[in-house]
Amino acid sequence: MLDHNEAPLLDAMERYHSLDRYGFTPPAHRQGRGADPRVRRILGGDAFHSDVLASAGLDDRSSSGGYLKKAEQLMADAVGAEQAFFSTCGSSLSVKAAVLAVAAGKGDLLVSRDAHKSITAGLVFSGVQPRWIRPRWDTKLHLAHPPSPADVEEMWERYPEAAGALIVSPTPYGTCADIAGIAKVCHDRGKPLIVDEAWGAHLPFHEGLPTWAMSAGADVCVVSVHKMGAGFEQGSVYHVQGDLVDPAHLSECADLLMTTSPNVILYSAMDGWRRQMVQHGSELLGNALDLARRLRRDIDALPGIHVLEDELLAAESSHDLDRMQILMDLSELGISGYQGADWLREHRRLDMGLSDHRRIMATLSMADDDASAQRLLEALQALIEAAPTLPAPAHISLPSPSELELETVALPQDAFFGPREDVPAGEAAGRVAAEQITPYPPGIPVIVPGERINEAVIEYLESGLKAGMVLPDPADPSLGTIRVVKE
């Protein structure tokens, strides 16, 4: 029986400090002694004080204390997985490792086309051929709902030799797939299901939240503790169960990608968050859900702002919804989501988690309370009053679902690493992309290496840029040129 009152990494850190250890090792700042006082003043001395080596530091040189392994065992036990592995390189690393472990050297992988850009990177690294599962496209809302079990079954019928399937749930919009149904479809064929559940670290800890992927039968599940938990940025956990994915091989694949100098502060925060969730998670998340319900109601009552909920759960839409993600439509205010997010940051010092051509999203967590909710309400009321003074939003040319479904004509790896050239955007239609182009957030690529570019997508990206869309990926962020496969 594991004792969840323990936090092995945090306890080891406490002992490290109580023993007054000193390392003639990296990090060279020596627990902050060598850091510039101006840096310590801003970042805080405690951050430096706890930044020590994992081995030959927090643990001995052979890691005989087993602090990390014990913390991972406790995490797996807390969420009902068979094994859990910590990552300090974010879920971006974890999902790449999952792609490598399941599909590298085996050909095809069924992948939901609303996948995050990190999954595209995994395809490039692994040489895997994606067989895109098309999400269900909502032409009214212009957003993608997760694929259904029937959608996944159809793709298995077309590509029965694929190594496995990968879906995203929750999506960046908070919508969730029928994971149990999709897992059954995959397992009926003896194939594993990977779930990119980066936005779902909190799901195992309250019954009022959408179903946790491990409970629904997923074989590998990747979560970002920093997104909806209480970890630092880059803290991620990937969970494994069943016999369709070899956990040792998965760990080896992660080791190929991860740093050899992991930050034990990130490890320790994940360890402490697990203990907090086991001991108090139901109460904390229950309070957060109650706050979310009240706040959703109060925001929806504001003139010109609509909180999306029922329309995200309609027939042929999403299976479930994380209501701690408050998605707000601003179109009745006559402004874009980009304008709304920029105004709130400049005038009310509030940052939104997502913005697009008509929406903004506020992500609540267990840390929020009546004061932070009231601050958001007051800021939104001020935005409503300011909206008539803002310029009309620039027009964005929104493609149809069929226009967004670009044809894959080459392996992402071949297109990315092969001979390439930059061509003016106006001449890129018909060419094969050699780079990914991703509006961020939410970070879902519009163009993936190996896809044939069309005119509609170019118009969408060019008009989006003028309206406030951010494109961090392409070699030319202004989109004057696009990198394509050399002919």
Side-chain angles (χ1 to χ4, degrees), residues 95 110-117 119-120 130-156 165-186 193-200 203 209-213 216-218 221-222 227-228 296 306-329 331 337 353-361 363 396 398-406 438-446 448 457 460:
V95 77
L110 307 186
V111 183
S112 180
R113 187 56 181 82
D114 60 345
H116 188 265
K117 58 183 283 187
I119 296 172
T120 301
R131 300 300 182 184
W132 298 115
I133 309 168
R134 298 297 175 185
R136 286 168 291 171
W137 189 254
D138 191 320
T139 55
K140 182 179 179 181
L141 299 177
H142 202 80
L143 57 76
H145 298 290
S148 69
D151 296 326
V152 178
E153 175 65 39
E154 180 184 352
M155 289 300 293
W156 277 121
L166 188 157
I167 65 167
V168 179
S169 181
T171 70
Y173 291 96
T175 58
C176 302
D178 179 359
I179 299 174
I182 293 172
K184 183 179 185 306
V185 167
C186 294
L193 172 64
I194 305 166
V195 178
D196 179 355
E197 203 166 55
W199 283 97
L203 299 184
L209 290 165
T211 303
W212 161 238
C221 174
V222 174
K227 283 186 168 70
M228 296 299 290
R296 294 175 76 91
H306 173 54
V307 175
L308 283 80
E309 183 161 341
D310 292 343
E311 53 269 76
L312 296 176
L313 294 167
E316 293 305 314
S317 294
S318 298
H319 180 72
D320 206 345
L321 178 68
D322 181 2
R323 289 168 175 81
M324 289 172 65
Q325 305 278 19
I326 303 179
L327 185 62
M328 296 165 269
D329 193 318
S331 53
L354 179 149
S355 57
D356 65 16
H357 65 286
R358 60 190 282 187
R359 292 170 289 255
I360 56 174
M361 175 180 280
T363 297
I396 300 179
L398 299 173
S400 68
S402 62
E403 290 171 328
L404 277 172
E405 295 179 0
L406 301 181
T438 309
Y440 208 93
I444 299 168
V446 172
V448 168
V457 163
Y460 168 53

*Asks:* State the CG-CE distance between L209 and M228, to the nearest 0.5 angstrom.
*Replies:* 8.0 Å
*Asks:* Does W212 have any ring-ring contact (aromatic ring centres under 6.0 Å, His included) partners at least two apart in sequence or in another chain, and if so, which?
*Replies:* H239
*Asks:* Taking side chain to side chain donor-acceptor pair (under 3.5 Å) as the definition, give me every residue that meets it alongside S402, ordered by chain and number, with sequence neighbours left out.
*Replies:* S400
*Asks:* Please report the closest heavy-atom contact between L141 and R359, naming both atoms and the distance.
*Replies:* O-NH1, 2.7 Å
*Asks:* About how many Å separate CD of E153 and CE of M155, when rounded to the nearest 0.5 Å?
*Replies:* 11.5 Å
*Asks:* Can you tell me which residue among T175, D138, T171 is in a side chain to side chain donor-acceptor pair (under 3.5 Å) with H145?
*Replies:* D138
*Asks:* Locate the shortest heavy-atom distance separating V168 from H116; write the atom from each residue and the value.
*Replies:* CG2-N, 4.4 Å
*Asks:* Which residues satisfy the side chain to side chain contact (heavy atoms under 4.5 Å, CB included) test with S355, sequence neighbours excluded?
*Replies:* Y338, A341, I360
*Asks:* Report the C-alpha separation of D114 and Y173 in whole Å, then their side-chain angles, then the decisive distance to 0.1 Å, and conclude whether the side-chain hydrogen bond (donor to acceptor under 3.5 Å, both in side chains) test is met.
*Replies:* CA-CA 11 Å; D114 60 345; Y173 291 96; over 6 Å; no
*Asks:* Of the options L321, L203, D196, which is the one that meets P170 in a side chain to side chain contact (heavy atoms under 4.5 Å, CB included)?
*Replies:* L203
*Asks:* Can you list everything that forms a side chain to side chain contact (heavy atoms under 4.5 Å, CB included) with P130? Sequence neighbours excluded, please.
*Replies:* V111, L123, W132, P412
*Asks:* Side chain of R323, backbone of G174: donor and acceptor closer than 3.5 Å?
*Replies:* no
*Asks:* Search all heavy atoms of A165 against all heavy atoms of C186 and return the closest pair with its distance.
*Replies:* CB-SG, 3.8 Å
*Asks:* Any salt bridge (Lys or Arg N to Asp or Glu O under 4.0 Å) pairs touching residues 139-151, not counting sequence neighbours?
*Replies:* R136-D151
*Asks:* Listed by chain and number, what are the side chain to side chain contact (heavy atoms under 4.5 Å, CB included) partners of P399, not counting sequence neighbours?
*Replies:* H142, E403, L404, A456, Y460
*Asks:* For residues S169 and C176, report the shortest heavy-atom separation together with the two atoms involved.
*Replies:* OG-CA, 3.3 Å
*Asks:* CG/L354 to OG1/T363 distance, rounded to the nearest 0.5 angstrom?
*Replies:* 8.0 Å
*Asks:* Going by the rule salt bridge (Lys or Arg N to Asp or Glu O under 4.0 Å), which residues pair with D322 if we only count those two or more places apart in sequence or in a different chain?
*Replies:* none
*Asks:* About how many Å separate CG of L327 and CZ of R358, when rounded to the nearest 0.5 Å?
*Replies:* 9.5 Å
*Asks:* What residues, two or more places apart in sequence or in another chain, satisfy side chain to side chain contact (heavy atoms under 4.5 Å, CB included) together with T211?
*Replies:* S215, A216
*Asks:* State, to 0.1 Å, how close P401 and W137 come at their nearest heavy-atom pair, and which atoms those are.
*Replies:* CG-CD1, 2.8 Å
*Asks:* Which heavy atom of V185 sits nearest to which heavy atom of P149, and what is that distance?
*Replies:* CG2-O, 3.9 Å
*Asks:* Nearest 0.5 Å please: distance from the CD1 atom of I182 over to the CD1 atom of I167.
*Replies:* 3.5 Å
*Asks:* Could you grab the distance from atom CD1 of I119 to atom CD1 of I444, nearest 0.5 Å is fine?
*Replies:* 9.5 Å
*Asks:* So, the side chain of R296 versus the backbone of L308: is there a donor-acceptor pair under 3.5 Å, distance only?
*Replies:* yes
*Asks:* Walk me through it: do L166 and V95 pass the test side chain to side chain contact (heavy atoms under 4.5 Å, CB included)?
*Replies:* CA-CA 10 Å; L166 188 157; V95 77; 4.1 Å; yes
*Asks:* My understanding is that only residues two or more places apart in sequence, or in another chain, count here; which of them pass side chain to side chain donor-acceptor pair (under 3.5 Å) with D178?
*Replies:* none
